[in-house]
Number of protein chains: 2
Amino acid sequence: MEDEVDRLVAAWRRERPDLDVQPLQVLSRVSRLARHLDRARRAAFAEHGLEPWEFDVLTALRRAGHPYQLSPGQLLTQTLVTSGTMTNRIDRLAGKGLVQRLPDPDDRRGVLVRLTASGQLKADEALAGLLAHERELLAELTGGQQAELAGLLRQLVAPFDNIPG
Amino acid sequence: MEDEVDRLVAAWRRERPDLDVQPLQVLSRVSRLARHLDRARRAAFAEHGLEPWEFDVLTALRRAGHPYQLSPGQLLTQTLVTSGTMTNRIDRLAGKGLVQRLPDPDDRRGVLVRLTASGQLKADEALAGLLAHERELLAELTGGQQAELAGLLRQLVAPFDNIPG
DNA sequence: TTTGGCTGTCTTGATGTCAAGAGGCTTTAT
DNA sequence: ATAAAGCCTCTTGACATCAAGACAGCCAAA
């Protein structure tokens, strides 16, 4: 089956036959697939009344384990946004009753963001829904192929995750 | 080598041992790798004084072949942005002298966006630079592994590219 | 104890994007 | 010929994000 990247590569070979565009075969597909995944995730979360950024914050808290609380600083290192963005997000999640802000008993500058009961429920439901949708997307591949793909991707990602990038 | 997704999966297995989080092994790596690639691309383009979105528009025109012109409508289907965004982008690229707006001789509503000589030069330089950087990232893998990875990714992307998504 | 630097959160102002709609032009059907 | 419908680009207003800085509280060194 042909995809857009095949067409992209064909166009470059026609216009710039002097260039080796082989890298695009892998990396353009990664970028394009990620865009499609973003759209699919947005649709999956909409079923639970959540935006993607809400899912990111709620699941970071959920993964932290009981009592499901993290500081804004910890949240922003996990979600890779700036502090201003995180302030805004916590405001809105608190407005929806999914998290609450508590003073940090050990640091009076600090704040703790804690998942409410309904926030935890949303996070758990949305995660299950996401996994169901993603399983469908991956049905194109056998289990062995998925494992192989995961391994190859890990090799490409690991340098970014382990060297300060 | 371990990566962030391994840690993510481990956290979910601890908190939600009832769930099968296998899909994350592939799809979270795709999303995370795409984010890292965006940053790397931004850095590569900055060497040529270009933003990523400028590269996207200029290379779409470059790939169109002589005389390197497309309508705004064609550009927005290729770059997946809305018409308001494309108007804004064309304005700024025209301000930098990289493209020019011409009236469409066949449709008086229409406009043609054409690459200038300096725009074409920028596009060609930036593409070569991007490919050089991407080749380094892919040096983690053998040629055979790259081909295999490309093939697996194609299977996942193709449904999106061929069914209206 | 006091001083200086550092940390954690929030505020501010600018920017890029989107959704929705306006306006002019073209196409189709009557 | 004319009306209705559709298309193409641009404009407008709202919004999420970021970068930079403000401010309060912490901590280490003298």
Side-chain angles (χ1 to χ4, degrees), chain A residues 31 34-36 38-39 41-43 45-46 49-58 60-61 64 69-96 98-114, chain B residues 31 34-36 38-39 41-43 45-46 49-58 60-61 64 69-96 98-114 164-165:
Chain A
S31 292
R35 289 186 85 145
H36 291 305
D38 280 345
R39 300 178 68 90
R41 290 193 347 144
R42 179 174 295 276
F45 296 146
L50 284 181
E51 299 286 324
W53 64 262
E54 294 179 294
F55 178 85
D56 289 342
V57 175
L58 295 180
L61 293 168
Q69 63 185 20
L70 292 171
S71 70
Q74 290 173 313
L75 282 172
L76 58 91
T77 65
Q78 288 210 24
T79 56
L80 302 180
V81 297
T82 60
S83 64
T85 298
M86 187 53 67
T87 298
N88 184 14
R89 289 182 173 187
I90 295 166
D91 286 348
R92 282 175 286 162
L93 287 171
K96 290 177 71 171
L98 301 177
V99 305
Q100 55 182 321
R101 250 189 264 251
L102 304 171
D104 183 336
D106 299 330
D107 184 341
R108 262 179 295 179
R109 295 167 303 177
V111 167
L112 290 175
V113 180
R114 181 185 296 187
Chain B
S31 292
R35 288 186 85 146
H36 291 305
D38 280 345
R39 300 178 67 91
R41 288 193 350 143
R42 180 174 295 275
F45 296 146
L50 284 181
E51 300 286 324
W53 63 263
E54 295 179 292
F55 178 85
D56 289 343
V57 176
L58 296 180
L61 294 167
Q69 62 184 22
L70 292 170
S71 70
Q74 291 173 313
L75 282 171
L76 58 90
T77 65
Q78 288 211 23
T79 56
L80 302 180
V81 296
T82 60
S83 63
T85 299
M86 187 52 68
T87 298
N88 183 11
R89 289 182 173 187
I90 296 168
D91 285 348
R92 282 175 287 164
L93 287 171
K96 290 176 72 171
L98 301 177
V99 306
Q100 55 182 318
R101 251 191 262 249
L102 304 171
D104 183 336
D106 298 331
D107 185 339
R108 261 179 294 181
R109 295 167 304 179
V111 167
L112 290 175
V113 180
R114 182 184 295 186

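Only a predicted model underlies this, so the values are computations on that prediction, with no experimental measurement involved. When reading the values below, keep in mind they use all heavy atoms of this one structure, side chains included, and skip hydrogens, waters and symmetry mates. Reminder, nothing fancy here: chain letters follow the sequence lines and each chain counts from 1.
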### Task
Could you check which residues of residues 81-90 of chain A get a heavy atom under 4.0 Å from DNA chain D? Sort them by number, please.
V81(A), T82(A), T85(A), N88(A), R89(A)
#### Entry: Under-4.0 Å side-chain N/O to phosphate OP1/OP2 contact, R42(A) with dC18(C)
no
### Summary
Testing dC26(D), dT26(C), dT9(C) for proximity to the side chain of V111(A), the answer is dT9(C)
### Task
Round to a whole Å and report the spacing from CG of D91(B) to P of dC10(D).
7 Å
### Query
Rounded to the Å, how far apart are L70(B) CG and dT9(D) C1'?
15 Å
### Task
Check for a donor-acceptor pair, side chain of T87(A) on one end and backbone N or O of S83(A) on the other, with a separation under 3.5 Å.
yes
### Task
Return no unless some side-chain N or O of R101(B) is found under 4.0 Å from OP1 or OP2 of dT9(D).
no
### Query
Is any NZ, NE, NH1 or NH2 atom of the basic residue among E54(A) and R89(A) found under 4.0 Å from an Asp or Glu carboxylate oxygen of the other?
no
## Note on the structure
Heavy-atom nearest pair, L102(B) first then Q69(B), reads CD1-OE1, 4.2 Å
### Spacing between L76(B) atom CG and dA19(C) atom P, to the nearest angstrom
12 Å
### Task
Could you state the atom-to-atom distance from CG of D107(A) to C1' of dC26(D) in whole Å?
7 Å
### Task
Determine the minimum heavy-atom distance between T77(A) and L80(A), stating which atoms define it.
O-CD2, 3.6 Å
### Among dG16(C), dC26(D), dT17(D), the nucleotide that comes nearest once only the side chain of R109(A) is considered
dC26(D)
### Query
So which one's nearest nucleotide on DNA chain C is more toward 5', G73(A) or R92(B)?
G73(A)
### NZ/NE/NH1/NH2 to OD/OE distance under 4.0 Å, K96(B) and D91(B)
no
### Summary
Correct closest heavy-atom pair for T79(A) and R35(B) would be O-NH2, 3.8 Å
### Task
Can you tell me the distance, in whole Å, between the CG atom of D38(B) and the P atom of dT17(D)?
16 Å
### Minimum-distance nucleotide to P72(B) side chain [options: dT9(C), dC10(C), dC10(D)]
dC10(D)
#### Entry: Separation of atom CH2 in W53(A) from atom P in dC15(D), rounded to whole Å
13 Å
### Task
Using a 4.5 Å cut-off on heavy atoms from C-beta on, say whether the side chain of R114(A) contacts that of V99(A).
no
### Summary
Rounded to whole Å, the CG-P distance (D106(A) to dA24(D)) equals 22 Å
### Query
What's the CG-P distance between D104(A) and dA24(D), to the nearest Å?
19 Å
